[in-house]
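Convention: sequence-line order gives letters A, B, ...; per-chain numbering from 1. All figures in this text were calculated on a predicted structure; none of them were measured in a lab.
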Amino acid sequence: MIREQLKRRITQAIQVAQVAGDLPPFDVPAFTVDHPRQAQLGDYSASVAMQLARPAHMPPAQIAERIADRLALDGMAAVDTAGAYLNFRLSPQYLTDQVDRILAAGAAWGNIDIGAGKSVQVEHGSANPTGPLTVASGRNVVIGDTLANALSAAGYTVQREWYVNDAGNQIRHFGESVYARYAQALGVDEPFPEDGYQGDYINDIAKAVIDKDGDRYLKMPRADARRALGKLGIDSIMDGVRASLARVGIHHDNFFSERSLYESGRFERVLPLLRDKGLLVEYDGALWFSEDGSPIRNSEGRGEKPENAVKKNEAVQVVVIRSPKVIAEPSERPTYFASDIAYVWDKLVERHFDRAIYVWGEDHQGDVPRLMAVTRALGLDTSRIVLLIYRFITLMRNGQEVRMGKRSGNIITLDDVVDEVGADATRFVLLSRSIDTKIVFDLDLVKKQSDENPVYYVQYAHARISSILRKAREESGDNKAGAARQSQSTGAGYQFAHPSELALIRKLLELEEVVEQVATQLQPHHFTTYAQSLATTFSAFYRDCRVLGEAPEVSAARMKLVQATRATLARTLALMGMSAPERM
RNA sequence: GCCCCAAUGGCGCAGUGGAUAGCGCGUUUGGUUGCGGACCAAAAGGUCGGGAGUUCGAAUCUCUCUUGGGGCACCA
């Protein structure tokens, strides 16, 4: 990357200056190379001279001069000092050469190697398998998928995983709900459970079972039937979830069953690690994880927290792992947190990912400290897990907030939204803001404004370039002589000079920096900002510079430039999981 | 009460300790005998929530206050 190259050259210049006696000896500190806010100042700038004033005992401006004198830039850029700043302007020749570099990279343009093959798991989605994929979960999967794309482009080996919460109370209620609808559909007077799932899809599941298996589940013990129907229901729902995900271009490498943590005995194998450290505490008939091994105090039943778990500042996490009060069937599962323990062990130790990223909604924010605590207690480096907390979306319809709940059956599915506004616009909306910012998803507004969605502006630029390239092909068909002239010229002798040409190349080069930014900050919205900015820069070029019908070497060079632009737009859209249409 | 997140033009949001804080929408005024007008240009609009601190330098880091969102169950 250009920034890294400049950094290296600056460091070398400082060291050369030190050897030559222009600068006193000192260790070169970490410094950054940035884009100046004012474009007229240059393409890149470094304020390292400011940092060096103290160790060098010299005025910053003088340090900057001496670094500039020793810089070996090999025609890459011109350097200028402005006070303590070193300002770099990439040379037209260097920028011209970059177009060829982009075209040579092809579909791999934008890839960088900061990941160095390290393995990362991105776990996203993981919504309860008790109902269809909601638009609320849509934000989760779009964030996770885009991050996975970015990490992959950044050189990491990435696995995309969905954690299927197929154990626990909610699943039991779900199984009871399916059973009730099933029995009712067969004419049996079966009461619907109080905590049951109200959605119509439960009826659909029940009917499908009847079509396939008739009434055989009525003939087995009720508890067995409920469990079996629950399992069938989960399978059916997960099939639907996969189909919904596919519509927005999302595919997971693995669907990991929570239940499997118990069926495989993994949970029972991990527990002794905590027991041996004295971190498992018995209290009130239940088993607890206590971060410092302290006994549970003052826990008086449901609803009351253990006293020593209250102060998070004191960093003592106390969480129940297994209790007869949690679930009637201890074989099914202890608690959610118990699963977390086995699951993080599975990720980091059994499957030895270098890093595990969890994409969690803000309702799970309180779970962060306890997962950190137990990871530490297992003797694992907590920096290997990253808990990303994103804010929820607020759904508006008819000017009113839509409250959603899977249990009430009042849900807006991701499919509903995709039907209304399309997959690309849906992804763009869900991606367009920092994960720390809530998104107000106004269905009426987005539908009405879907034509004005920024994604179309970006795709329009891509379609427009495609149109130019089509036209060029048509013309070469119509005019053999012109085609011969055009094809002979590769634009090799042409050096880009128009400000709009150079600005466009600079913008193309930013893609690598944006990939780095998304992959290190784990903030996918940078892609949307970049995509719009790239489209805007292209529009300015399009306004100022004709591609077709200019002198052959100019046309040829600009053809290459727009091809590189198209490649960059297409890659950016691909990283965001969106299509790059040839026509609109 | 405790913990996490946020507060930036009218609205919605970007912003990597660095120079004159940007983008979209909206508003106002303009632009095409040009490769796609789903376009483009210009203008107006800012004490970056208040206060203190760290630093050569703070929208950015620390503390504090205010306001808003979320979380604090033997639920998931």
- Item | For B/G17, the Watson-Crick or wobble partner whose two distances fall under 3.5 Å | none
- Note on the structure: For A/H498, the ring pair (Phe, Tyr, Trp, His ring centres under 6.0 Å) test, sequence neighbours excluded, returns none
- Does the base of B/G71 carry an N or O that pairs as donor and acceptor with the side chain of A/E362 under 3.5 Å? no
- Any luck finding a side-chain donor-acceptor pair between A/Q459 and A/D424 under 3.5 Å? yes
- Query: What do you reckon, is CD of A/Q400 surrounded by more than 12 foreign heavy atoms closer than 6.0 Å?
  - Reply: no
- Note on the structure: When both distances are under 3.5 Å in a Watson-Crick or G-U wobble arrangement, the nucleotide paired with B/C61 is B/G53
- Message: Using a 4.0 Å heavy-atom cut-off, does A/N87 contact any base of the nucleic acid, only the sugar-phosphate backbone, or nothing at all?
- Response: base
- Message: I'd like to know if the side chain of A/D166 and the backbone of A/P129 have a donor-acceptor N/O pair within less than 3.5 Å.
- Response: no
- Item | Residue-level proximity of residues 124-136 of chain A to RNA chain B when a heavy atom falls under 4.0 Å | A/N128
So which protein nitrogen or oxygen atoms get under 3.5 Å of nucleotides 10-12 of chain B's nitrogens or oxygens?
unit_1 : atom_1 : unit_2 : atom_2 : d
B/G12  : O2'    : A/R433 : NH2    : 2.7

- May I ask you to say what A/S434 touches in the nucleic acid, namely base, sugar-phosphate or nothing, with a heavy-atom cut-off under 4.0 Å? sugar-phosphate
- Task: Check whether the aromatic ring of A/H364 stacks on the base of B/A76, taking stacking as ring centres less than 5.5 Å apart and planes within 30° of each other.
- Result: yes
- Query: In the structure shown, which nucleotide is the Watson-Crick or G-U wobble counterpart of B/A7, with both distances under 3.5 Å?
  - Reply: B/U66
- Nearest-Å distance once atom P is located in both B/A43 and B/C3: 48 Å
- Message: Evaluate A/F31 against A/M50 for side chain to side chain contact (heavy atoms under 4.5 Å, CB included), listing each step before the verdict.
- Response: CA-CA 10 Å; A/F31 63 95; A/M50 218 100 64; over 6 Å; no
- Message: Which nucleotide wins on minimum distance to the side chain of A/Q170, given the candidates B/G18, B/A76, B/G36?
- Response: B/A76
- Does the side chain to side chain donor-acceptor pair (under 3.5 Å) test come out yes or no for A/R543 and A/S500, once each step is laid out? CA-CA 9 Å; A/R543 179 194 65 223; A/S500 296; 4.9 Å; no
- Message: Taking the P atom in each of B/U32 and B/C40, what is the distance between them to the nearest angstrom?
- Response: 16 Å
Give every pair of a protein N or O atom and an N or O atom of nucleotides 37-40 of chain B that lie under 3.5 Å apart, one pair per line with the distance.
unit_1 : atom_1 : unit_2 : atom_2 : d
B/G37  : OP2    : A/R464 : NH2    : 2.4
B/C40  : OP1    : A/Y457 : OH     : 2.3
B/C40  : O3'    : A/R543 : NH1    : 2.9
B/C40  : O2'    : A/R543 : NH1    : 3.0

- Message: Determine whether a donor-acceptor pair (N or O, by modelled atom type, separation under 3.5 Å) exists between the side chain of A/S555 and the backbone of A/E550.
- Response: yes
- Message: Measuring to OP1 and OP2 of B/G18, would you say a side-chain N or O of A/S47 lies under 4.0 angstrom away?
- Response: no
- Message: Work out how far the P atom of B/A76 is from that of B/G51, and round it to whole angstrom.
- Response: 47 Å
- Message: At 4.0 Å (heavy atoms only), tell me whether A/R3 reaches a base, stays on the sugar-phosphate, or touches nothing.
- Response: base
- Distance between the C1' atoms of B/U8 and B/G68, in whole angstroms? 16 Å
- Message: Categorize A/Q51 for me: base, sugar-phosphate, or nothing, with a 4.0 angstrom heavy-atom threshold over every strand shown.
- Response: base
- Go through the side-chain N and O atoms of A/D34 and A/T32 and say whether any donor and acceptor fall under 3.5 Å apart. yes
- Euclidean distance for C1', B/C75 against B/C65 (whole angstrom): 36 Å
- Got a sec, which residues hit side-chain contact (heavy atoms from CB on, under 4.5 Å) with A/I468, two or more places apart in sequence or on another chain? A/Y542, A/V547, A/L548
- Query: Between B/A14, B/G22, B/G15, which nucleotide has the shortest distance from any of its atoms to the side chain of A/Q38?
  - Reply: B/G22
- Using the C1' atom in both, what is the distance from B/C48 to B/C61, to the nearest Å? 16 Å
- Which nucleotide, B/U16, B/G36, B/C5, lies nearest any side-chain atom of A/R470? B/G36
- Message: Tell me whether the side-chain N or O atoms of A/S45 pair up with the base of B/A19 as donor and acceptor below 3.5 Å, since no angle test is needed here.
- Response: yes
- Considering only the P atoms, how many Å lie between B/G18 and B/A58, rounded to the nearest integer? 11 Å
- Message: So if I take every side-chain heavy atom of A/I468 and compare against B/G36, B/A14, B/A76, which nucleotide ends up nearest?
- Response: B/G36
- C1' gap between B/C5 and B/G49, integer Å: 16 Å
- Message: Please enumerate all residues that pass ring pair (Phe, Tyr, Trp, His ring centres under 6.0 Å) together with A/F496, with sequence neighbours excluded.
- Response: A/Y494
- Message: Applying a 4.0 Å non-hydrogen cut-off, can you work out what A/E516 is touching in the nucleic acid: base, sugar-phosphate, or nothing?
- Response: nothing
- B/A41 -> Watson-Crick or G-U wobble partner, both distances under 3.5 Å, gives B/U29
- Starting at the 5' end of RNA chain B, which residue's closest nucleotide do you reach first, A/G285 or A/P36? A/P36
- Please check the phosphate of B/C5 (OP1 and OP2 only) for any side-chain N or O of A/R391 closer than 4.0 Å. no
- Query: When all nucleic acid strands are considered with a 4.0 Å heavy-atom cut-off, which category describes A/A463: base, sugar-phosphate, or nothing?
  - Reply: base
